[in-house]
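What follows is a set of notes on a single structure, which appears directly below.
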Amino acid sequence: MLRRLEWTVLRRLDGLLQGDHRTLMRGAGLDLADLREYQLHDDVRHIDWNVTARLQQPHVRVFTEDREMAAWFLLDLSPSVDFGSGEQRKSQVLLDFTAVLARLIGRHGNRVGAMLYGSRGRPEVDAVLPARGGRTQVLRLMQMVLQPPTTAAAREKDKAGGGATQLADLLRAAVHTVRQRSTVFVVSDFISEPGWEKPLGELARRHDVVAVRLLDPLELDLPDLGLIPIRDAETGEQVLVDTHDAGFRQRFARIAAQREAQLRESLGRAGVDTLELATDEDLAEAVLRFIDLRKRRQRFGRSGQFAAVPTQLPARTRESLRTPSQGA
């Protein structure tokens with residue numbers, strides 16, 4: 001699978017993320033290496049005034065630049081992510097995105113780590129992969145995502161619904177786990193109980209955070225499928241709905257549009273960049289669009305609209321979100 005992604009996606013993205021740490025991905029910064037006497041060509045901003053006063057001779061700080069970057073993937077693998085109305089599910093998009101970005105970042109000496117939430121069918125952080133480099137680390141991460149529940153009890157609990165997702169638990173755990181300044185990708189559909197906004201903002205104050213939002217067109221627009229049962233993947237609750245009712249479909253689209261607006265507003269308030277990945281969209285195109293957004297945001301400054309603006313949705317997804325709600 002990783003080889004397939006390397007040929008189909010990585011070749012198109014190669015070189016766009018690495019070598020541009022200042023504009024796309026942040027390294028750890030500058031480390032103090034030495035102190036020496038001031039010379040005429042030195043920048044006066046590097047003078048160490050404490051040492052200068054103590055030795056009665058101007059001294060400057062000498063730094064070494066740390067280009068190594070650490071990237072963490074906070075992966076929401078709760079039951080709602082295991083959904084897709086087309087050829088692939090949100091969980092497949094999550095896996096492909098994580099594999100591509102981890103490989104791009106990790107193969108040039110940078111380190112990648114991950115925290116998995118809900119991978120055993122229970123609403124909890126159930127696996128942590130410490131940040132390391134190399135292709136083996138990417139393969140280990142993919143194996144962790146693909147690994148099914150190991151016990152029959154866990155499988156039965158997954159079928160019955162393990163409880164509502166508490167994304168805040170994953171974010172709080174990351175605040176205490178990810179110590180070194182890093183680039184953090186929160187990969188989730190953000191279908192969760194409230195309360196995740198505050199820990200996301202706290203995480204964003206310490207790290208460069210990217211919210212990678214997974215979505216499926218069917219979550220925005222419900223087609224006319226007649227009388228169908230719908231099951232809540234989080235709780236296991238089932239209801240019978242009549243999708244032939246135009247009024248019901250319009251109400252569904254209106255509520256979906258309201259949730260979209262609230263979600264984007266919450267992500268904007270948290271101060272994170274947003275990448276939206278739809279199950280019916282080409283992964284490479286979405287990532288390239290996001291890279292362009294990051295570059296433009298750096299040119300115009302971090303404060304402003306770019307921190308809150310998500311990448312553009314596919315045309316058919318945007319149309320499905322607008323059309324039903326216009327007549328509601």
### Message
Does Leu214 form a side-chain contact (heavy atoms from CB on, under 4.5 Å) with Phe97? I'd like the steps, not just the answer.
### Response
CA-CA 10 Å; Leu214 310 169; Phe97 170 82; over 6 Å; no
Quick one: [atom1] on [X] to [atom2] on [Y], what's the gap to the nearest 0.5 Å?
{"X": "Leu74", "Y": "Leu116", "atom1": "CG", "atom2": "CG", "result": "9.5 Å"}
{"X": "Trp49", "Y": "His59", "atom1": "CH2", "atom2": "NE2", "result": "13.0 Å"}
{"X": "Leu267", "Y": "Thr274", "atom1": "CG", "atom2": "OG1", "result": "4.5 Å"}
{"X": "Asp48", "Y": "Arg61", "atom1": "CG", "atom2": "CZ", "result": "5.0 Å"}
{"X": "Asp292", "Y": "Leu288", "atom1": "CG", "atom2": "CG", "result": "9.0 Å"}
{"X": "Tyr38", "Y": "His46", "atom1": "OH", "atom2": "NE2", "result": "11.5 Å"}

Tell me whether [X] contacts the main-chain N or O of [Y] through its side chain, where contact means a donor paired with an acceptor under 3.5 Å.
{"X": "Thr183", "Y": "Ala71", "answer": "no"}
{"X": "Arg111", "Y": "Ala70", "answer": "no"}
{"X": "Lys90", "Y": "Asp216", "answer": "no"}
{"X": "Ser182", "Y": "Gln180", "answer": "yes"}
{"X": "Tyr117", "Y": "Leu171", "answer": "no"}
{"X": "Asp126", "Y": "Ser119", "answer": "yes"}
{"X": "His176", "Y": "Ala174", "answer": "no"}

For [X] against [Y], the heavy-atom pair lying closest together:
{"X": "Asp76", "Y": "Leu94", "answer": "O-CD1, 3.6 Å"}
{"X": "Leu240", "Y": "Pro229", "answer": "CD1-N, 3.7 Å"}
{"X": "Pro123", "Y": "Ala164", "answer": "CB-O, 3.6 Å"}
{"X": "Asp189", "Y": "Arg259", "answer": "O-NH2, 3.6 Å"}
{"X": "Ala204", "Y": "Ala270", "answer": "CB-O, 3.6 Å"}
{"X": "Leu222", "Y": "Arg249", "answer": "O-CD, 3.0 Å"}

Less than 4.5 Å apart, side chain to side chain, heavy atoms only: is that true for [X] and [Y]?
{"X": "Glu265", "Y": "Glu260", "answer": "no"}
{"X": "Ser188", "Y": "Leu167", "answer": "yes"}
{"X": "Val209", "Y": "Asp273", "answer": "no"}
{"X": "Asp96", "Y": "Gln88", "answer": "yes"}
{"X": "Arg251", "Y": "Arg254", "answer": "yes"}
{"X": "Thr279", "Y": "Leu215", "answer": "no"}
{"X": "Val187", "Y": "Arg213", "answer": "no"}
{"X": "Phe73", "Y": "Val212", "answer": "no"}

[X]-[Y] side chain donor-acceptor pair, cut-off 3.5 Å:
{"X": "Ser192", "Y": "Thr165", "value": "no"}
{"X": "Asp224", "Y": "His244", "value": "yes"}
{"X": "Gln137", "Y": "Arg103", "value": "no"}

Check for me, please, whether [X] and [Y] land in the same ILVMFWY cluster - side-chain distances under 4.5 Å, paths through other members count.
{"X": "Val128", "Y": "Val178", "answer": "yes"}
{"X": "Leu77", "Y": "Leu277", "answer": "yes"}
{"X": "Ile255", "Y": "Phe248", "answer": "no"}
{"X": "Val60", "Y": "Val44", "answer": "yes"}
{"X": "Leu220", "Y": "Ile230", "answer": "no"}

### Message
For Arg289, is there an ion pair with Glu276 - N to carboxylate O distance below 4.0 angstrom?
### Response
no
### Query
Can a salt bridge be assigned to the pair Asp169 and Arg172 using a cut-off of 4.0 Å between side-chain N and carboxylate O?
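Looking at Arg172 together with Asp169, the answer is yes, because their closest N to O distance falls below 4.0 Å.
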### Message
Going by the rule side chain to side chain contact (heavy atoms under 4.5 Å, CB included), which residues pair with Gln39 if we only count those two or more places apart in sequence or in a different chain?
### Response
Arg36, His41, Asp42
### Task
Could you list the residues that satisfy side chain to side chain contact (heavy atoms under 4.5 Å, CB included) with Ala53, not counting sequence neighbours?
none
### Query
Given Trp196 and Gln166, is the side-chain contact (heavy atoms from CB on, under 4.5 Å) satisfied, shown in steps?
CA-CA 8 Å; Trp196 52 266; Gln166 301 282 352; over 6 Å; no
#### Entry: Over 12 non-hydrogen atoms of neighbours within 6.0 angstrom of CD in Glu87
no
### Message
I'd like to know whether Leu95 forms a side-chain contact (heavy atoms from CB on, under 4.5 Å) with Met142, so could you lay out the CA-CA distance, the side-chain angles of the two residues, the decisive distance to 0.1 Å, and finally the verdict.
### Response
CA-CA 7 Å; Leu95 179 61; Met142 294 175 64; 4.3 Å; yes
### Task
Would you please name every residue forming a salt bridge (Lys or Arg N to Asp or Glu O under 4.0 Å) with Arg89, sequence neighbours left out?
Asp82
### Query
Please walk me through it: do Thr98 and Val145 pass side-chain contact (heavy atoms from CB on, under 4.5 Å)?
CA-CA 10 Å; Thr98 303; Val145 176; 5.6 Å; no
